[in-house]
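Okay, structure first, notes after.
Values reported hereafter were calculated over all heavy atoms of this structure, with side chains retained and with hydrogens, waters and symmetry mates removed. Both ligands and their constituent atoms are indexed starting at 1 by order of listing. Position 1 is the first residue of the sequence; numbering continues from there.
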Amino acid sequence: MTPATIQSHPWIADRANRFDSSGIRRMFDLARQLKNPVNLSIGQPDFPVPDAVKEAMTRAIAENKNGYTSTEGIPPLIDRLQSRIDAQLGQSDRRVMVTSGTSGALSLALMAMVNPGDEVIFFDPWFVMYPALVEMTGGVCVPVPTTPGFQIDLNAVENAITAKTRVIIVNSPCNPSGACLDENILRGLAELAARHNVCLISDEIYSLFVYDEPHRSPAPFNDQVLVIDGFSKSWGMTGWRVGWAHGPSQIIDAMARIQQFTFVCAPAPAQWAALAALETGMQPQIDHFRQRRDRAIRALSPAYDIVTPGGAFYIYPRLPWGTGEQFMRAAIDRELLVIPGNIFSASDTHFRISIAVADEVLDRGIELLLDLAKSPA
Ligand SMILES: Cc1ncc(COP(=O)(O)O)c(C=O)c1O
């Protein structure tokens, strides 16, 4: 979506030049240059993988469970996920497969359903991977703005749908806004997708990170919704690359065919660890994140215009002055790292901070942000 700004090597295909390299990665490069940064730019939990899950991983390696698995995942993990999904949704044609992270599931879903020129609707602000993956599959990005409270305007979605619309991607709780969509909006979106015969992909990677109300999905309202989720955030195992997708069996079949010739399977020992993860409660970690959210919102609200996030582990305040770039530079001058909102949005009006950091780091970050709100100097 962002025009290429880098000088391309002649061997590089157009698809690799169609999107800018992630601004988040630029932040990581900058972070490396700072001696002692207060880093609020990171999108992964700061809690460690629970011991029982680590042990399951090392046990699997020691027991030589290191080879390829079946394309769709190890049977005990599939069975466990399938029975959970059946108990939650009770839909007869809903099947699950294990993927290489939620990103893997997203990639397979778009490769399976988007032909070149097809339109994919997602919401502004968006998760950075959505436009990149749509571009890579030859699709056309159709970002639809959200309301000032980051909810979805169903009329705007209906107006954005054309004969070429193939997929709508929804993400609740949302990265970067932390917004949880109202149940009536999720229902409306699910019904709208059914009425227009387009696939609704629901990215539920933050489903465990909900602070005020239970997590809600559009899947109960439309049995054709493709749900993707993963172990990365919920059990702090971002580097282990295990996710899952469930939806209509024909779509899962098509995704599995593509997985067979791309990712092959999710890492074998990590799938055994994922099985242990499903038995490992994370409520204490979630409660700790809720406390951090509350503390950060209480401290920052007098100085910033903030929609309180109901989930995920991000806060997405409005910029108090200047552009995202100017604000980010002033933050870096104070050794503070945040992410400018124009990475997630067509507008340059907000910035993202992560609360998935040690309490002392969050407290230092809050102090710096309060100072920064006053003026650029
Ligand atoms: C909204 C959203 N979806 C998907 C992912 C990808 O997660 P993973 O591939 O680690 O499961 C992320 C990671 O930041 C995310 O924020």
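The closest approach between a heavy atom of Tyr206 and any atom of ligand 1 is below 4.0 Å. Residue contact check for ligand 1: Met129 places no non-hydrogen atom closer than 4.0 Å to it.
Between the choices Pro173, Ser103, Gly101, Ala105, the shortest heavy-atom distance to atom 9 (O) of ligand 1 belongs to Ser103. Taking only non-hydrogen atoms, the option from Asp203, Val128, Thr238 nearest to atom 1 (C) of ligand 1 is Asp203.
In terms of polar-atom proximity, defined here as any N/O pair under 3.5 Å, Tyr130 makes no such contact with ligand 1. Any N or O atom pair closer than 3.5 Å counts here, and Tyr314 shares no such pair with ligand 1. Residue-to-ligand polar distances place Lys233 within reach of ligand 1: an N/O pair is separated by less than 3.5 Å.
Heavy-atom contacts of Arg241 reach the following atoms of ligand 1: 8 (P), 9 (O), 10 (O) (cutoff under 4.0 Å). Near Asn171, meaning under 4.0 Å from one of its heavy atoms, ligand 1 places the atoms 1 (C). With ligand atoms numbered from 1 in the order given, ligand 1 contributes 8 (P), 10 (O), 11 (O) to contacts under 4.0 Å with heavy atoms of Ser232.
Under the 4.0 Å criterion applied to side-chain N and carboxylate O atoms, Glu158 and Arg195 are assigned as salt-bridge partners. Salt bridge status for Asp287 with Arg292: absent, with no side-chain N to carboxylate O gap under 4.0 Å. At a threshold of 4.0 Å, the pair Glu183-Arg216 counts as salt-bridged, since one of the basic side-chain nitrogens sits closer than that to a carboxylate oxygen. A salt bridge does not link Arg290 with Asp212: every distance from a Lys NZ or Arg NE/NH1/NH2 to an Asp or Glu carboxylate oxygen is 4.0 Å or more. Between Arg95 and Asp253 there is a salt bridge, since at least one side-chain N of the basic residue sits less than 4.0 Å from a carboxylate O of the acidic one.
For Asp14, the CG atom counts as loosely surrounded, since its 6.0 Å shell holds 12 or fewer non-hydrogen atoms of other residues, nucleotides or ligands. Other residues, nucleotides and ligands contribute more than 12 heavy atoms inside 6.0 Å of the CD atom of Gln88.
Scanning the protein heavy atoms around atom 12 (C) of ligand 1, the nearest turns out to be Phe127 CZ, 3.2 Å. Protein heavy atom at the shortest distance from atom 7 (O) of ligand 1 is Ile205 CD1, 3.1 Å.
The aromatic rings of Phe209 and Phe289 sit tilted relative to each other, their planes meeting at an angle between 30° and 60°.
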